[in-house]
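What follows is one structure encoded as structure tokens, with my remarks underneath.
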Amino acid sequence: MNEQMTPLEEIRHSSSHVLATAVLRLFPEAQLDIGPPTATGFYYDFDLDHKFTAEDLQNIEAEMKKIIKENQRFQRKEVSREEAVQIIKDFGQETYKLGRLDDVPEGDTISFYQNGDFIDLCAGSHVNYTKKIKAFKLLSIAGAYHRGDENNKQLQRIYGTAFATKDELEQYLTQLEEARKRDHRRIGKDMGLFHIDEAVGQGLILWKPKGAVIREQLQSFITGELNKQDYKQVFTPHIGKLDLYRTSGHFPYYQDSQYPPVIDRDCLAEFVSEGCTCSDLSNKMDDGEIDGYLLKPMNCPMHIKIFDSEPHSYRDLPVRLAEFGTVYRWEQSGELNGMTRVRGFTQDDAHLFCTEDQLQDEIKGCLDLVKTVLGTLGMEDYKVRVSLRDPNSDKYVGDAENWEKAENALRNAAKGLGVPFAEVEGEAAFYGPKIDFIVNDVIGREWQLGTVQVDYNLPVRFDLNYTGADNKPHRPVMVHRAPFGSMERFCGLLIEHFGGDFPTWLAPEQLRILPISEKVYEYSDKLYADLKAAGIRVTLDNASEKLGAKIRRAELDKVPNTIIVGAKEAEEGNVSVRSRFDGDRGTMKFEDFKTEFLELIASRKLQLKK
RNA sequence: GCCCUUGUAGCUCAGUCGGUAGAGCGCGUCCUUGGUAAGGACGAGGUCGGCGGUUCAAAUCCGCUCGAGGGCUCCA
């Protein structure tokens, strides 16, 4: 297959060949795997006993520059399979390339690209001469499993990027630099929003007072929207009996990603008296013989139990149970990342119990909510993925007819959203299809935010029923939905979205009063008390500094609004208003300012720093 | 979990060849009473992530360990 790449892809793809050429010059014993272009650059995977160092990277880069200067020509060669094997052997790259050759389907064209002495099995395409690579940079070294399988050998991957011009490369690098400044881990620390403490545990977020304000504001905003849609709030505990999660299937099927169970006292005592070893205990866990409690990995079983605690008529449906429910999952240590990938998190969870006929509307309601909330926050840059079943797999529960209905309901709802969406087969959960919302973080990584999932499975496992118009029991359909995923991830991405410049309604500190001198303290104290009483998150900067210094500090602290008061203002009951978003706004009556400010907060106005 | 990198004051970082720590910012006190992004003086703060080893002597060299970062794998 001769794939035609875009000009930029060709540059990057060719850069990766030049990279491999340089590595082989410096480390002839290296075995090559693959080196494709990516969305932001390129990489090449090498198998080599020598561990690449930062200096190696510099040397390799220098060698690449030489090769580019040599202006080698990229030449395509189409060969038979036998010739291909011979070329690979002659070039001494049997370890991985023969396997890669086997991947080329019988009947497809087998092609190599040669530049100078270097030759690589490759479908193409490439630039014609190495000098066409005008701007590239090697960025990092990383481990990567051969064929992405952790059972295979881990190779060394060198990442780099390349652009058509030096300017574009520079621009990309500064853009990366700028983005890193908005990293929620950086800002979270600087602004005192959250803390992760070794002594508490990896991936466990401590929300500091300022971060807690943001979370609280978001939660009350979301709750208000839920109430409009007639959701009912519930609360459930952090642990539940193992049997509950055996019934739901979570404990047996997802043990690896859960904290081990809290073993029941009596059960533990019995094992101790039997002289159980740790490995016995571990086996009993696998076999499900132990009794105890599980830190909940999901809220649904508890919400199901609330639903099932009383009989339901079709007239009661849909029932919508919502909770900011905290769940715990044992994520691999290498996967943890600030607030975006953690081990304990609070989902903006809800479970809807409805009839088949109501399904479509319920899904639409969920999507409307997402649109409203993300719109208010100005987070328009998200993708929607509709995850469907793999038609050739039998790993799914429920009958095909229900799947068909659920998938159609989701697809129709997604269409109505007015946002581009992709359908992906084989990505569905085992119990039903889903819609996911995906956003990018500042360094381009994709994160799944919320999800809306249709579930025919759990109502069966828990034998849920409602009485229909025909006076017979019917099975409800469940919708799991957490439109923003978790408060942790959502806030993390929100920090990056705003770069710490939160709109006034969300800002931990909404307003700072800057008295110009001690002479006006009486006046500034009065304003402070007044605004505080009005529920505004206001502070007073009584430091013995000049105004310029106080303004500077307020800006560095990212306080969205300041009012400056001196003798002039005190005399006339005025304040001089300064906004982080709009700059110096001049003088106005304090009462007018206060009214306007309260309105600004109540309207949850979106404010963006230019 | 795996590979690579990394860990010095609250933050950002310096610390050459091993000779028991330094800067800026921040913080505290005092002076200064000021008009839209840094007024001045003085001062307090560190078992150099932890444990062990080599050495007369370790922030520095070695081993182990914990955490963090970038990837890979995983993500109901």
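So that the names make sense, note that chain A is the first sequence line, chain B the second, and so on, each numbered from 1.
- Looking at A/Thr236 and A/Lys296, their side chains do bring a donor and an acceptor atom within 3.5 Å of each other.
- For the residue pair A/Thr504/A/Asn561, the side-chain donor-acceptor check at 3.5 Å is satisfied.
- With hydrogens and angles left out, the side chain of A/Tyr145 and the base of B/G1 share a donor-acceptor pair within 3.5 Å.
- Nucleotides B/C13 and B/U6, compared at atom C1', are 14 Å apart to the nearest Å.
- One side chain, A/His303 or A/Glu323, offers a donor N or O that lies under 3.5 Å from an acceptor on the other.
- Residue A/Ser333 places at least one side-chain N or O under 4.0 Å from the OP1 or OP2 atom of B/G1.
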Dot-bracket for RNA chain B, please, read 5' to 3', with Watson-Crick or G-U wobble pairs under 3.5 Å on both distances, ( ) within the strand, [ ] crossing, | other strand, . unpaired.
(((((((..((((.....[..)))).(((((.......))))).....(((((..]....))))))))))))....

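- For A/Gln453, whose side chain is taken as the heavy atoms from C-beta onward, the closest listed nucleotide among B/C66, B/A76, B/G71 is B/A76.
- For A/Ile564, the side-chain atoms get nearest to B/G35 when compared with the rest of B/G1, B/G70, B/G35.
- Remark: A/Arg246 is not positioned above the aromatic ring of A/Tyr253, lacking an NZ or CZ atom under 6.0 angstrom from the ring centre and at most 45 degrees off the axis.
- Annotation: B/U12 and B/G46 have their C1' atoms spaced 16 Å apart (nearest Å).
- A/Ser544 contributes no side-chain N or O that forms a donor-acceptor pair with the base of B/C30 under 3.5 Å.
- Within 6.0 Å of CD in A/Glu29 there are more than 12 heavy atoms belonging to other residues, nucleotides or ligands.
- Across the P atoms, B/U55 and B/G49 are found 23 Å apart, a figure rounded to whole Å.
- Using a 4.0 Å heavy-atom cutoff across all strands shown, A/Asn337 reaches sugar-phosphate atoms only and no base atom.
- Taking NE2 of A/His250 as the start and SG of A/Cys300 as the end, the distance is 4.0 Å to the nearest 0.5 Å.
- Listed pair A/Arg185 / B/G70 meets the phosphate criterion, a side-chain N or O lying under 4.0 Å from OP1 or OP2.
- One donor-acceptor pair, N or O on each side, does fall under 3.5 Å between the base of B/G35 and the side chain of A/Glu569.
- Interatomic distance, A/Arg329 CZ to A/Arg341 CZ, rounded to the nearest 0.5 Å: 10.0 Å.
- Rounding to whole angstrom units, CG of residue A/Leu138 and C1' of B/U5 are separated by 16 Å.
- The base of B/C2 sits within donor-acceptor range of the side chain of A/Gln154, with an N or O pair under 3.5 Å.
- Across all strands shown, A/Ala567 has heavy atoms under 4.0 Å from base atoms, whether or not it also approaches the sugar-phosphate.
- Taking only distance into account, the side chain of A/Arg341 meets the base of B/C74 through a donor-acceptor pair shorter than 3.5 Å.
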